[in-house]
Amino acid sequence: MQLSEQEIIRRENLQKIRDLGIDPFPPEAFEVTAYAKEITEAFDDEGDKPNFQDVSLAGRLMGSRVMGKASFAELQDSTGRIQIYVTRDEVCPGDNKDLYNKVFKKLLDIGDFIGVKGHVFRTRMGEITVHVKELVVLSKALRPLPVVKRDEEGNVYDAFTDPEQRHRQRYLDLTVNPHVKETFLKRSRLITAMRRFFDDRGWLEVETPILQPIHGGAAARPFATHHNTLDMPLYMRIANELYLKRLIVGGFEGVYEIGKMFRNEGMDRTHNPEFTSMEIYVAYKDYNWMMEMVEKLLEYIAIEVSGHTKVEYDGKQINYAGPYKRLSMFEAIEEFTGIDISQMDEEELRATCKKLHVEVDPSMGKGKLIDEIFGEKVEDNLIQPTYITDYPIEMTPLAKKHRTTEGLVERFELFVNGKEIANAYTELNDPIDQRERFEEQVKLAARGDEEAMALDEDFLRSLEYGMPPTSGLGIGIDRLTMLMTNEHSIQEVLFFPQMRPQRKAEAEETEAEE
RNA sequence: GACUCCGUAGCUCAGUUGGCUAGAGCAUCUGACUUUUAAUCAGAGGGUCCUGGGUUCGAGCCCCAGCGGAGUCACCA
């Protein structure tokens, strides 16, 4: 491996620290008693006795301003940065000044972990600072960190911005770009809030198989794998719906799962091959109840994550306080095109598509044609949270037929900022109807539809034993996180988004070793 | 999968119509400095110009192929 000049110098510094009898990677725990954010927010030197007079902090050294016998430096811990003040004679009370003159001034580099003990004071310039009495090396960094600087007005210099490097080396991104950490803290708060909301209502968090012999529950191409001992193909799940419903059959009244799904399809700003979804099923409910539940859920999450029901996205204020506007698919199309398609047959729909300049192909059936019109003419207009209800039966094989309208199912999707973020049904629990719907899917598959659902005989058997009336909901956690954090790419809300291997040569070497 | 744009120092970026030894700021190194704030001042070092071919007297720049990324579209919950 070819080392850069800076890497060579850091390795030399590492050895020099060892030569001074200091372990640059000490095994002992270091007791932390205070954090940067806590100190900068709560330090009080107005009264008789300033607080934080005996603190111990640990973190990375992120820059230093050395001036002879006294220096200022930046310490960055898990909560943020704080200035530290280090003087030679306090850090080195005896005759040996090596710790200051050699270790601190020369051998420590940006990125090294150090621990400091001392008291907090305010400098003449007004900055809250830790006056260091003891300093220890906790871990040496051998590679130079990107150095991002900010001036008083908050202007950023030499930002670490290349998306490729940021995503491949997320640890660097997290270290030098504070906003990134904030996004992932919000993601975590979002999931925690959602879990608490469900747990408080007595619904049970469960886990269902990720490796599935039949990839059911959604329309998507799967990742295929193989189990050696069983000598059988297995698929990474594209959905967990059919397993969660089996648990409702088994007698749980409410079950939910937050977990990864895998779809072997294109990648772009809103799609990663693995993504996190939340699915919940509640017995004795229908989709009308579910709409009210989702309103409460999102309002709760918005407040927990950002403090308000109104969250800015893309320069727009999105208001998550319910109730949300509800439009049937036909009403929505009529609202944005002026055309009532509810009574049209396939030929009339085809003519309407042509009139609206919506591209179609001959393989599309009635449901697909309606979906195309909706996607082209309506979706982008649904900025504030809006429910679209009552979808054509052809595209929704797991939802119950509409209670009043022939040809529709009891389904809704929630749209925010023109994107679908939730999907829910009054679940189909009639096993005979369900079998017929699966058989339709099998016919589609025979016609070459790679995404048609497979027939799951065991799932049908479970329904035949009886499933209570149930409503189910799925929410894409990544996309909801994007909305709550004002991020525009799914890569910004995943720690490690999928990327191509960096070098072909390296990939070939790895293969050769196997 | 198609098209467009991008790839130069650890980081952010210049680099003219193809023309001397490829530049800047920060970072790094040497020195000065006991309250600094993007610390400052003086000096120094650091390059697989993404990779491989080609055109040319001469390529960071032009051509071809490849690798990686970003965007748009296609596909898709």
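Just so we're on the same page: letters track the sequence lines, and every chain starts at 1. The basis for the numbers below is simple: all heavy atoms, side chains too, and nothing from hydrogens, waters or symmetry mates.
- In summary, of the residues considered (A:Arg60, A:Arg81, A:Arg65), a salt bridge (charged side-chain N to carboxylate O under 4.0 Å, His left out) with A:Glu74 occurs for A:Arg65 alone.
- Nucleic acid contact for A:Arg88: none, since no nucleic acid atom lies under 4.0 Å from a heavy atom of the residue.
- Residue A:Glu90 is classed as having no contact, given no heavy-atom separation below 4.0 Å to the nucleic acid.
- Comparing the C1' positions of B:G53 and B:C67 gives an interatomic distance of 15 Å, to the nearest angstrom.
- Nucleic acid contact class of A:Glu127 (heavy atoms, under 4.0 Å, all strands): base.
- Contact annotation for A:Arg10: no contact, since no heavy-atom pair falls under 4.0 Å across all strands.
- Look at CG on A:Asp89: it is 11 Å from P on B:U34, rounded to the nearest Å.
- Across B:C3 and B:G18, the matching C1' atoms stand 29 Å from one another, rounded to whole Å.
- Atom CZ of A:Phe72 and atom P of B:A38 are 13 Å apart (whole Å).
- Base-pair partner of B:U40: B:A32 (Watson-Crick or G-U wobble, both distances under 3.5 Å).
- Of the side-chain N and O atoms in A:Arg150, none sit less than 4.0 angstrom from OP1 or OP2 of B:U37.
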Kindly determine whether A:Tyr171 and A:Phe496 satisfy ring pair (Phe, Tyr, Trp, His ring centres under 6.0 Å), including the steps that lead there.
CA-CA 10 Å; A:Tyr171 39 89; A:Phe496 304 105; 8.0 Å; no
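- Distance, A:Asn101 CG to B:G31 P: 11 Å, rounded to whole Å.
- Counting only distance, with no hydrogens or angles, the side chain of A:Asp77 and the backbone of A:Gly80 share a donor-acceptor pair below 3.5 Å.
- Rounded to whole angstrom, the span from the CZ atom of A:Arg65 across to the C1' atom of B:C33 amounts to 15 Å.
- Two residues, A:Asp109 and A:His271, neighbour RNA chain B, and the one matched to the more 5' nucleotide by heavy-atom proximity is A:Asp109.
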Each nucleotide N or O in nucleotides 10-14 of chain B that has a protein N or O under 3.5 Å away: list the pair and distance.
from, atom 1, to, atom 2, distance (Å)
B:G10, N9, A:Gln6, NE2, 3.4
B:G10, N7, A:Gln6, NE2, 3.3
B:C11, OP1, A:Gln165, OE1, 3.0
B:C11, O2', A:Asp158, O, 3.2

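- Comparing the P positions of B:G69 and B:A39 gives an interatomic distance of 35 Å, to the nearest angstrom.
- Counting any heavy atom pair closer than 4.0 Å across all strands shown, A:Phe121 reaches a base atom.
- Comparing the P positions of B:C63 and B:C5 gives an interatomic distance of 11 Å, to the nearest angstrom.
- Of the residues near RNA chain B, A:Arg479 and A:Ile110, the one whose nearest nucleotide (by heavy atom distance) lies more toward the 5' end is A:Ile110.
- Spacing of P atoms, B:G52 relative to B:G25, comes out at 30 Å, to the nearest Å.
- The separation between A:Met267 atom CE and B:A70 atom C1' is 12 Å, rounded to whole Å.
- A:Phe275 comes within 4.0 angstrom of no nucleic acid atom, judged by non-hydrogen atoms across all strands.
- In this structure B:C26 sits in a base pair with B:G10, meeting the Watson-Crick or G-U test at under 3.5 Å.
- Rounded to whole Å, the C1' atom of B:A22 lies 14 Å from the corresponding atom of B:U16.
- A:Thr386 and A:Arg326 share no side-chain donor-acceptor pair at under 3.5 Å.
- Regarding A:Gln498, its CD atom lies at a distance of 13 Å from the P atom of B:G68, rounded to whole Å.
- Counting only N and O atoms by type, the side chains of A:Arg479 and A:His271 include a donor and acceptor under 3.5 Å apart.
- Applying the Watson-Crick and G-U wobble criteria (two distances, each under 3.5 Å), B:U4 pairs with B:A70.
- Taking atom P on both B:U28 and B:G66, the two are 42 Å apart, rounded to the nearest angstrom.
- Closest to the side chain of A:Lys149, out of B:C29, B:A27, B:U36, is B:A27.
- Residues A:Asp314 and A:Asn486 have side chains that never bring a donor and an acceptor to within less than 3.5 angstrom of each other.
- Ranking B:A70, B:U36, B:G68 by closeness to the A:Arg168 side chain, first place goes to B:G68.
- If you check B:C29, B:G71, B:A70 against the side chain of A:Arg269, the one that comes closest is B:G71.
- The pair A:Lys401-A:Glu410 does not count as a salt bridge, with every side-chain nitrogen at least 4.0 angstrom from each carboxylate oxygen.
- One N or O donor and one acceptor, one from the side chain of A:Gln83 and one from the base of B:U36, sit under 3.5 Å apart.
- Summarising the geometry, the separation between CD1 on A:Ile84 and C1' on B:U36 is reported as 13 Å, rounded to the nearest angstrom.
- Atom name C1', nucleotides B:G15 and B:G23: the rounded distance is 7 Å, in whole Å.
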Go through the steps for A:Asp54 and A:Lys117 under the test salt bridge (Lys or Arg N to Asp or Glu O under 4.0 Å), then give the verdict.
CA-CA 7 Å; A:Asp54 184 15; A:Lys117 293 181 184 177; over 6 Å; no
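- Remark: A:Lys106 is in phosphate contact with B:G31, judged by side-chain N or O atoms under 4.0 Å from OP1 or OP2.
- If you check the side chains of A:Glu241 and A:Tyr243, you find no donor sitting under 3.5 Å from an acceptor.
- Ring geometry for A:His131 versus A:Tyr85: interplanar angle over 60°, hence perpendicular rather than tilted (30 to 60°).
- Residue-to-nucleotide contacts include a donor-acceptor pair under 3.5 Å from the side chain of A:Thr123 to the base of B:U36.
- In this entry B:U56 has no Watson-Crick or G-U wobble partner, no candidate having both defining distances under 3.5 Å.
- Ranking B:C33, B:G69, B:U37 by closeness to the A:Arg500 side chain, first place goes to B:G69.
- Distance CG (A:Leu142) to C1' (B:U28): 15 Å, rounded to an integer number of Å.
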